[in-house]
Structure formats: structure tokens, C-alpha cells
There are 2 protein chains.
Amino acid sequence: MVSIEQPRTAPSWRRVEIALIAGARKVAAAFDHRLAQIDLNLNQASLLAFVNDFGESNQTELAEMVGIGRASIGSMIDRLEARGLVTRNPHPNDRRVWLVGITSEGTALVEKFYEIDAGFQKEVRRDISREERQQLASLLERLDCNVDAILSSPNNKQERGGPHA
Amino acid sequence: MVSIEQPRTAPSWRRVEIALIAGARKVAAAFDHRLAQIDLNLNQASLLAFVNDFGESNQTELAEMVGIGRASIGSMIDRLEARGLVTRNPHPNDRRVWLVGITSEGTALVEKFYEIDAGFQKEVRRDISREERQQLASLLERLDCNVDAILSSPNNKQERGGPHA
DNA sequence: GCCAGATTGTATGCCAACGTACGGGTCCGC
DNA sequence: GCGGACCCGTACGTTGGCATACAATCTGGC
């Protein structure tokens, strides 16, 4: 999909934005591929690592962190809980809230995750310098900003201005 | 090598790879947001544009091109066909194959797609120079190569070198 | 106190992808 | 020709996301 190696697929609309989307999907797929050995996907691993590093959090926080909706995070936590990796503890002052904490098994898995992650990082960064990564990060930041403007604008074709930059 | 920038305190999910994935997902979402006005998503628009530019293609080709499976492309084409945007024509020499072609309505929609796309491009590229986009493309190319190596390697943790060079 | 409004997590239904299995069809070695 | 290997598109069940609607709960104005 990221076409450069595939001359056949180079239509006019295949711009860098599309390559970015396809490339990122592939990075995610590769990550998931490696994570499969600990029966986790990237979102699950991110959640686990977050809870491991920052302690108990409520589900809404976790949903924002992982970047999926509250409903989805709920069923995701269901699965992790069923596997004994996290626990749901009641919030002392707010009976609506579950504080999601990690178990010792969860922590053990996070350790493995870090190992896998380190190897993944090494491989994926081959031939990519630190400087380039920093440039990429900077670019992504601006991209994110522009995209936010688009997402919060009406999808009517003539709308240009949006809220602001 | 140097893990200076990544002490254990910087959790994996804050790395640039993760930002890339999240950023790209958002770009795709924004694209879809804009495309909603013509009731298309990015994959559908890609397919339509491809058929428009390159003429009739069989479904397997289209699946590879869009980057989804053959089963998925089938139901996708079902929907586009039901909307009268594409047609399935029998292959003259191979009765297994459908040649997916575009209708005049489909072509009209592709025109709108190009319009929307141009506007999208303009907005998303704000504050991002052409040079940066080229660097990004180059980086993505190498990333894609590295990722391919990962995807084609076994996911067993001990595998470091990959199959071979 | 107490009711209106906001917020948390859950239930439900929808959607679009996946992987697998399969039937129909083609092609190649014999 | 013919039989088996292979290829194309489809059917099926699963997954994991979404959006919506909802009950329970908290909060703040009065």
C-alpha cells in the first residue's frame, strides 16, 4: 500500500497523507504481530503500561488515553479483568467510578511488553536517525493541530475557515 | 544503542511510533469526516478513484490496492454497486472474474472527491513545508521496509535478526 | 433538603474489517 | 481429454471499534 515499491499502484491521489495512513496502519499491524506472543494488542498494552506507570485510573481517563470511546474501553477492561491483569476497585468518594488497577500478573506482562517493545523499536528504527524522528514528531504535532481544526469543522464542502488554526 | 532519550520513565506509548499511529488514525478520521458529505469513506473513495483512473479491475486487484481482504472488498463493492457507482461485468475469458467498472455517476462522485481532497490537502498541510513532506515520504518508505521485515518474521520473542537480511 | 444538569460506566445495535472454508472455474502435466 | 493444483469471489462467524440511549450517581443553585 505504501506504494513506493509498487509502481502499479501509483494513482494521482496517492499523496503523502495516504502513505502516512497506510504506513501507520502497517506499523500498528507489525506491533500487534509482535505483541501477539503475549496475547495483547497495542491498545491493551498501552492501557496496561499506563496503569502500571501511573497507578489506578478511571475508565474515562483510560479511554481518552488510549484514544477509543468509553464503551469500547469498558469491554476492553472486561477482557483484561477476566484474564486477571487488572482489577476494578471502587472509588472511595464516587460510587459511579471504577478505579482500574493492575495486578502483579499485569505488571509481569508489562515487563514482557517493554522487552518486546524495545526489540520492535530497534528494528523499526533501522536507517532512521534520531534527528529524523524528532522532525517527524514535530511534524505530527502540527498535523494533529490541523486535523483537529478539520474534525471540529462542519463537513460541508465550502467551509474553509473553521474555528481557527 | 543509546537509550538516553528513552529512560524507562518515558513510557512506550509516548514514543514517536505511537504518535505516528495515533496521528495517522486522526488524519484518516478527518478525511472520512470530509468525505461524509459524499457518503463515502476513504477506502471507498480510493477504490472509486482507482477504477476511474485505471479502468476495470478484478476484485483481487482492488483488494490489494485498497489494502483490505478479498472478502471485505466484495461487500464493499456490493454497496457501491447497490448505489449505482460501479458495475460488475463478466470477464470475457475467465468466468470466475468480475471486472469492476465505474458508472457515470461514479465518475461524477470521483470528481467531487477530488475537490474535497484538494481542500483537505490544503488544510492539513498548513504550516508543513513541501520539503518536510518529502522527508516524511522518504522516512515512511524506510519505515515500510522495516515493518515488512517485522511482519514477515515469526513473532517469537527470541527472533531478533529476522529471517535474514 | 431537593430538583436540574452533568458525568460515569454499561447495554445495545450497527458497521467494516478479519480469517476460514467453500463452490465454481481455469490451467497445466500427463 | 482428464485430474489435481491453483485462483476468484462469496458465505459465514468473529472481532473490536462506533454512536446512542440509559440507570446510577454526583454536584450546584435555590
Side-chain angles (χ1 to χ4, degrees), chain A residues 1 21-22 24-26 28-33 35-36 39-47 51 56-83 86-101 151 155, chain B residues 21-22 24-26 28-33 35-36 39-48 51 56-83 86-101 151 155:
Chain A
M1 310 201 37
I21 293 168
R25 272 208 321 218
K26 256 175 112 164
F31 218 144
D32 280 341
H33 180 64
L35 254 26
D39 257 307
L40 248 40
N41 63 31
L42 184 52
N43 282 345
Q44 293 172 324
S46 298
L47 189 152
V51 175
E56 297 187 323
S57 320
N58 72 43
Q59 299 192 184
T60 300
E61 276 176 355
L62 292 175
E64 275 174 29
M65 189 275 146
V66 174
I68 64 180
R70 280 181 307 162
S72 304
I73 209 80
S75 59
M76 192 168 140
I77 292 171
D78 285 346
R79 295 189 291 268
L80 295 175
E81 193 181 19
R83 289 173 61 184
V86 301
T87 55
R88 277 190 170 104
N89 309 311
H91 189 288
N93 305 326
D94 190 335
R95 285 192 294 168
R96 293 170 304 179
V97 176
W98 290 114
L99 289 177
V100 178
L151 280 175
N155 65 4
Chain B
I21 292 167
R25 269 204 328 215
K26 259 175 108 164
F31 217 143
D32 281 340
H33 180 65
L35 253 27
D39 258 306
L40 248 40
N41 63 32
L42 185 52
N43 282 345
Q44 293 172 325
S46 299
L47 188 153
L48 238 44
V51 175
E56 296 187 325
S57 321
N58 72 43
Q59 299 192 183
T60 299
E61 275 177 357
L62 291 175
E64 274 174 32
M65 189 273 150
V66 174
I68 64 180
R70 280 183 306 163
S72 306
I73 210 80
S75 59
M76 194 169 138
I77 293 171
D78 285 345
R79 294 188 294 268
L80 294 175
E81 191 181 21
R83 289 173 60 183
V86 300
T87 54
R88 276 189 171 103
N89 309 313
H91 189 288
N93 305 326
D94 190 335
R95 286 193 291 166
R96 294 170 302 179
V97 176
W98 290 114
L99 288 178
V100 178
L151 280 175
N155 65 6

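Reminder, nothing fancy here: chain letters follow the sequence lines and each chain counts from 1.
- Of the possible polar contacts, none joining the Glu64(A) side chain to the Glu61(A) backbone as a donor-acceptor pair under 3.5 Å is found.
- Under the 4.5 Å side-chain criterion, counting only non-hydrogen atoms from C-beta, Gln44(A) is in contact with Met76(A).
- Phosphate proximity of dA17(C) to Asn43(B): present, with a side-chain N or O under 4.0 Å from OP1 or OP2.
- Checked against dC26(D), dG9(C), dA17(C), the side chain of Gln59(A) finds its nearest nucleotide in dG9(C).
- Of the candidate nucleotides dA17(C), dT8(C), dT10(D), dT8(C) has the atom lying nearest to any side-chain atom of Val97(A).
- Distance Glu64(A) CD to dG9(C) P: 11 Å, rounded to the nearest Å.
- Atom CG in Leu62(A) sits about 14 Å away from atom P in dG17(D), given to the nearest Å.
- Atom CZ of Arg70(B) and atom P of dG23(C) are 15 Å apart (whole Å).
- If Leu99(B) and Gly67(A) are placed on DNA chain D by their nearest nucleotide, the residue sitting closer to the 5' end is Leu99(B).
- In this structure, Ser72(A) does not reach the dG16(D) phosphate: none of its side-chain N or O atoms is under 4.0 Å from OP1 or OP2.
- Across all strands, Asn58(B) comes closer than 4.0 Å only to sugar-phosphate atoms, never to a base (heavy-atom distances).
- The CD1-P distance, from Ile77(B) to dA11(D), rounds to 13 Å in whole Å.
- If you run side chain to side chain contact (heavy atoms under 4.5 Å, CB included) between Ser57(B) and each of Leu62(B), Val97(B), Leu47(B), only Leu62(B) comes through.
- Separating the CG atom of Asp32(A) from the C1' atom of dG16(D) is a distance of 12 Å, rounded to the nearest angstrom.
- One atom, CG of Asp94(B), and another, C1' of dC7(D), lie 8 Å apart when rounded to the nearest Å.
- Heavy atoms of Arg95(A) sit under 4.0 angstrom from primed sugar atoms or phosphate atoms, though from no base atom.
- Residues Asn58(B) and Leu99(B) approach most closely at N-CD2, 4.1 Å, considering heavy atoms.
- The side chain of Arg96(A) sits closest to dA6(C) out of dT10(D), dA6(C), dC7(D).
- For the pair Met76(A) CE and dG17(D) C1', the computed distance is 11 Å after rounding to whole Å.
- Counting non-hydrogen atoms under 4.0 angstrom, Thr60(A) reaches the backbone sugars and phosphates but no base.
- As rounded to whole Å, 18 Å separates atom P of dG17(D) from atom CG of Asn41(B).
- Ion pair Arg25(A)/Asp32(A) not flagged as a salt bridge, since none of the NZ, NE, NH1 or NH2 atoms sits closer than 4.0 Å to an Asp/Glu carboxylate oxygen.
- Contacts of Arg79(B) with the nucleic acid, taken as non-hydrogen atoms under 4.0 Å apart, involve only primed sugar atoms and P, OP1 or OP2.
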